[in-house]
S.K.: 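Quick one: structure below, then a few questions.
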Number of protein chains: 2
Amino acid sequence: MAQSNPPFMSGVPELLLLRLLNDREMYGYELVRSIREVTSEAISLGEGVIYPVLHSLERNGSLKSRRKPVGGRTRVYYSVTRKGRERLEKLQNDWQRIQTGITSALESPGNA
Amino acid sequence: MAQSNPPFMSGVPELLLLRLLNDREMYGYELVRSIREVTSEAISLGEGVIYPVLHSLERNGSLKSRRKPVGGRTRVYYSVTRKGRERLEKLQNDWQRIQTGITSALESPGNA
DNA sequence: ATTATATACCTAGCTGTTCAAGGTATCGAT
DNA sequence: ATCGATACCTTGAACAGCTAGGTATATAAT
């Protein structure tokens, strides 16, 4: 037994990936750099994080992929499915909630 | 080797505890409920999370505790040390950074 | 009396996320 | 021919957080 819920603040990599891919299709290596850029270096997720998440998102039908040869190399481009868009919306709401929660917790003291 | 940096979004429980205790001393059980309240139920950390964090914060000198008997039971009140205040400041900055990073990542697309 | 609920402390053990560190292969530049 | 960048991937370990327990006292209900 003892089935564990995911840690309360996980799912952020997933959120970022879905958010970026919702604009346009991208490939893994590109996403790694892109996340660094759009977060102004605040968040840096390595390939060891990105690839597994992409694979699991594809497995559960949130993403679909197509292989595209580019100059000898092959890129795997991912794009968001309808299910992925639903997932994105949920994650965005979750994030909004906890973000707001923490912000209000950090605000000044018992000054009701 | 392979010494690992802490996961990029951890330390939030720590942050919340230090932040609350910076206003006034509190005891563990009280903090559990308090975190739920101040975050409008967005974040709910059980005793299994809170107590170990309190202990480790005390061990590294960020918190000090005093036992206080209240009607037969004994409460352990924690308060923030100078070192804890420094730690709080650091964690607040960290949080601010990643919070800002994610927010900007979630904003609209390539509309430069 | 006894059961139940709330308070108040704590720990052990699992598991999922994330991390570092590898490995493969192609390409362009030196 | 070697190097760095691109591009894909996986393995193994570390660690934070979760569930689920356990102890004990006080109070309220049965």
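Here is the naming used below: chain letters follow the sequence lines, and residue numbers restart at 1 for every chain. Quick caveat, the model's predicted, so the values are computed rather than measured.
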S.K.: Do the side-chain N or O atoms of A:Asn5 get closer than 4.0 angstrom to the phosphate oxygens (OP1, OP2) of D:dG17?
M.R.: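 For D:dG17, OP1/OP2 do not have a side-chain N/O of A:Asn5 under 4.0 Å.
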S.K.: Can you check the B:Tyr77 OH to C:dT7 C1' distance for me, whole Å?
M.R.: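 Nearest whole value for this atom pair: 12 Å.
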S.K.: Among residues 42-71 of chain B, which ones have heavy-atom contacts with DNA chain D below 4.0 Å?
M.R.: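 Contacts with DNA chain D under 4.0 Å: B:Leu45, B:Gly48, B:Val49, B:Gly71.
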S.K.: Any chance you could lay out the salt bridge (charged side-chain N to carboxylate O under 4.0 Å, His left out) test for A:Glu25 and A:Arg66, step after step, and finish with the verdict?
M.R.: CA-CA 10 Å; A:Glu25 68 172 7; A:Arg66 65 188 186 96; 2.5 Å; yes
S.K.: Extract from the structure each pairing of a protein N or O with an N or O of nucleotides 2-6 of chain D at less than 3.5 Å, listing the distance.
M.R.:
residue	atom	partner	partner atom	Å
D:dT6	O2	A:Arg73	NE	3.2

S.K.: Just jot down the side chain to side chain contact (heavy atoms under 4.5 Å, CB included) partners of A:Thr103, sequence neighbours excluded, or say none.
M.R.: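 So A:Thr103 forms a side chain to side chain contact (heavy atoms under 4.5 Å, CB included) with A:Gln99, A:Glu107, B:Gln99.
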S.K.: Does any part of the side chain of B:Glu47, heavy atoms only, come nearer than 4.5 Å to the side chain of B:Tyr29, both counted from C-beta?
M.R.: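 The answer is yes; the side chains approach within 4.5 Å.
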S.K.: Between A:Arg82 and A:Glu86, is a salt bridge (charged side-chain N to carboxylate O under 4.0 Å, His left out) present by the stated rule, with each step listed?
M.R.: CA-CA 6 Å; A:Arg82 188 178 48 70; A:Glu86 288 163 15; 2.8 Å; yes
S.K.: Any salt bridge (Lys or Arg N to Asp or Glu O under 4.0 Å) pairs touching residues 87-101 of chain A, not counting sequence neighbours?
M.R.: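 Counting only pairs at least two positions apart or across chains, the salt bridge (Lys or Arg N to Asp or Glu O under 4.0 Å) contacts touching residues 87-101 of chain A are A:Glu14-A:Arg87, A:Lys90-A:Asp94.
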S.K.: Please report, rounded to the nearest Å, how far the C1' atom of C:dC9 is from the CG atom of B:Leu31.
M.R.: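 Distance check: B:Leu31 CG to C:dC9 C1' gives 13 Å.
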S.K.: From CG of B:Leu16 over to P of D:dA16, roughly how many Å is that when rounded to an integer?
M.R.: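 The distance from CG of B:Leu16 to P of D:dA16 comes to 16 Å, rounded to the nearest Å.
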S.K.: For DNA chain C, whose closest nucleotide is more 5', that of A:Val12 or that of B:Tyr78?
M.R.: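 Checking each residue's closest nucleotide, the 5'-ward one belongs to B:Tyr78.
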S.K.: Polar-atom pairs under 3.5 Å, protein N or O versus N or O of nucleotides 1-5 of chain C: list them with distances, or write none.
M.R.:
none

S.K.: Tell me yes or no: between the side chains of A:Ser62 and A:Glu58, is some donor less than 3.5 Å from an acceptor?
M.R.: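 On atom types as modelled, these side chains do not qualify, holding no pair under 3.5 Å.
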S.K.: Just so I know, are the side chains of A:Leu17 and A:Ile35 near enough to count as touching, which here means a heavy-atom distance under 4.5 Å?
M.R.: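 Answer yes - side chains close enough.
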S.K.: Can you list everything that forms a ring pair (Phe, Tyr, Trp, His ring centres under 6.0 Å) with B:Tyr77? Sequence neighbours excluded, please.
M.R.: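 Listed in chain order: B:Tyr27.
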S.K.: Please report, rounded to the nearest Å, how far the P atom of D:dG17 is from the CE atom of B:Met9.
M.R.: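 Distance, rounded to whole Å: 10 Å.
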S.K.: Between A:Ser104 (side chain) and B:Val38 (backbone), is there a donor-acceptor pair under 3.5 Å?
M.R.: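 Yes, A:Ser104 side chain to B:Val38 backbone: donor-acceptor pair under 3.5 Å.
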S.K.: Side chains of B:Phe8 and A:Val49: does their closest heavy-atom pair fall under 4.5 Å?
M.R.: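 In short, these two side chains do not touch, never coming nearer than 4.5 Å.
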S.K.: In terms of side-chain heavy atoms, does A:Thr74 have a donor or acceptor partner in A:Arg67 at a distance below 3.5 Å?
M.R.: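 A:Arg67 and A:Thr74 do not have a side-chain donor-acceptor pair below 3.5 Å.
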